[in-house]
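Okay, structure first, notes after.
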Amino acid sequence: MKALVPFAICCLGSAAAAQSQLVEFSAASGLACEAEFTLVGGGSSLEIRYRNTSTGTPVGFNSSDQLLTSVSWDFGGVATMLGGSAVVGPLSTSVNFDGGFGDFGPGQDVSGEFGFGNGGTTGLHPHFVGSNMSGLTPFGGPNLDGPDVLDGPQAGLVANPAVVALGGLGAIQDEVVITVQLDATLTNLDFLDNGVTAEFGSDAAFLDGTPVCAPGSNTLVNDTAGLNLAGSLTASSEPFMGNLAYSLCMDDAADACGMPAGTPTLLFLSRHTLEFVFAGLGCAPGAPGTIMLNLTAPYAMYGPVIWNGPGSPACYTVPLPDDPSLCGFTCSGQGLFLGSGPSGLVLTNRQDLIIGG
């Protein structure tokens, strides 16, 4: 067992930029929502998907107070919004819209009921999107729920099912997807570290969000030509922040390649993958193998660690720090047996891993 340097270093630099981040908001009353931020268009636009997930409300809340009306954040000087659009979420519908068109299902453009702000307003961070009038520039579009201005809480988001009877108030149940164009191209969502706040009603309640890190994953990838030793590089557990015992292990458990016990191994880690057939690196003696990492881009090599025969794998411990910046970090590994005799050099399969929470 050989320990490696911390994961972010062994994969060459800081963590890969997260392109999507889920933020959750909740209160003891049952008032709750979530917002997912995703960079799109190469970072020139930001998608904000937000939904009302409430199961209760504070005492005294009425039909309009329960509506999720805005989500706000602080770009911290890296960008501002130029405009955008809003559509009904993929499993959602409008309720009680009174513009004479009836109610609308998934994907309906509802930009006329929403807008964006770059200057902040009561209780919110400087940058926000929503349906309230104060501080917002309308996206523009047909009026679907009168009057012909932004007039939130009207057209805000209600939970499914509604916690308080709507009483004829127009709303979207339960999700809207807003896309805004930016005046700068972003490479990450680090601005969310400045905080995210959701508003219910017209100043009825403000909830601060908590970023959510999805579970990590390992994915075994065999080369398409079937030249490498299949299933030979395995992960000890799921990759998650704080898993200091995470390891990648190399083995030829079935003795398919006939390598002698005591064979040294090497482990390669990189962010960049490909498939490139190279002579003499396959399981069959003298056969080609498939290099599955892009070794013309930066990569790291570790070892040697000795393989002690079938069922006695060569393991490389890859400590994963409890560092929130690693959430969503992606990396790939591939191993090489430095065999002697007829077996020669033998490449393993590839492991793709994403660090989770």
Side-chain angles (χ1 to χ4, degrees), residues 22-36 47-72 85-115 121-124 128-134 136 138-139 141-178 196-210 212:
L22 180 66
V23 181
E24 293 183 341
F25 311 75
S26 63
S29 64
L31 199 66
C33 62
E34 65 180 33
E36 184 175 31
E47 178 186 276
I48 308 102
R49 176 193 67 80
Y50 63 96
R51 60 191 296 253
N52 191 333
T53 58
S54 298
T55 57
T57 63
V59 174
F61 258 42
N62 59 30
S63 57
S64 63
D65 292 339
Q66 71 177 322
L67 298 183
L68 174 61
T69 49
S70 69
V71 174
S72 70
S85 60
V87 299
V88 177
L91 299 176
S92 303
T93 184
S94 67
V95 181
N96 299 333
F97 271 28
D98 60 7
F101 304 99
D103 285 318
F104 305 99
Q108 171 67 38
D109 188 331
V110 289
S111 300
E113 308 303 323
F114 290 83
T121 187
T122 304
L124 300 181
F128 60 109
V129 293
S131 55
N132 274 336
M133 183 184 299
S134 179
L136 284 172
F139 289 134
N143 173 47
L144 304 178
D145 185 33
D148 192 13
V149 292
L150 299 184
D151 63 331
Q154 186 89 357
L157 305 187
V158 64
N160 189 9
V163 180
V164 180
L166 278 170
L169 186 66
I172 293 175
Q173 192 173 43
D174 60 344
E175 180 181 62
V176 69
V177 181
I178 291 178
V196 184
T197 297
E199 177 187 11
F200 287 81
S202 182
D203 300 342
F206 298 92
L207 300 183
D208 292 327
T210 301
V212 176

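Numbers for residues simply follow the sequence, beginning at 1.
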- For Asp203, enumerate each residue passing the side-chain contact (heavy atoms from CB on, under 4.5 Å) test, keeping only those at least two apart in sequence or located in another chain. Thr122, Glu199, Phe206
- Would you please name every residue forming a side-chain contact (heavy atoms from CB on, under 4.5 Å) with Ser29, sequence neighbours left out? Ala27, Leu31, Pro58
Out of curiosity, [X] [atom1] to [Y] [atom2], how far, rounded to the nearest 0.5 Å?
X      : Y      : atom1 : atom2 : result
Asp208 : Thr210 : CG    : OG1   : 8.0 Å
Phe128 : Ile48  : CZ    : CD1   : 12.5 Å
Glu47  : Ile178 : CD    : CD1   : 10.0 Å
Ile172 : Phe104 : CD1   : CZ    : 10.0 Å

[X] to [Y] - nearest heavy-atom pair and separation:
X      : Y      : value
Thr69  : Gly201 : OG1-O, 2.7 Å
Gly105 : Val88  : O-CB, 3.4 Å
Leu68  : Cys33  : CD2-CB, 3.7 Å
Phe139 : Ser111 : CB-O, 3.6 Å
Val71  : Ala35  : CG1-CB, 4.2 Å
Pro90  : Val177 : CD-CG2, 4.4 Å

- Stepwise side-chain contact (heavy atoms from CB on, under 4.5 Å) check, Phe200 with Asn52: CA-CA 9 Å; Phe200 287 81; Asn52 191 333; 3.9 Å; yes
Side-chain donor/acceptor pairs under 3.5 Å, residues 60-67, sequence neighbours excluded:
unit_1, atom_1, unit_2, atom_2, d
Asn62, OD1, Ser64, N, 3.1
Asn62, OD1, Ser64, OG, 3.0
Asn62, OD1, Asp65, N, 2.9
Asp65, OD2, Asn62, N, 3.3
Gln66, OE1, Val163, N, 3.3
Gln66, OE1, Val164, N, 3.0
Gln66, NE2, Ser63, O, 3.2
Gln66, NE2, Val164, O, 2.6

- Looking at Ser70, Ser131, Pro138, which hits side-chain contact (heavy atoms from CB on, under 4.5 Å) with Phe114? Ser131
- Task: Without swapping roles, check the side chain of Ser94 against the backbone of Asp103 for a donor-acceptor pair under 3.5 Å.
- Result: no
- Message: Between Glu113 (side chain only) and Leu144 (backbone N and O only), is there a donor and an acceptor less than 3.5 Å apart?
- Response: yes
- Message: Holding to side chain to side chain donor-acceptor pair (under 3.5 Å), I want the full list of residues that pass it with Asn160, two or more places apart in sequence or in another chain.
- Response: none
- Taking only residues two or more places apart in sequence or in another chain, which ones pass side chain to side chain donor-acceptor pair (under 3.5 Å) with Ser72? none
- Residue pairs, two or more places apart or on separate chains, that pass salt bridge (charged side-chain N to carboxylate O under 4.0 Å, His left out) and touch residues 159-178: Arg49-Glu175, Arg51-Asp174
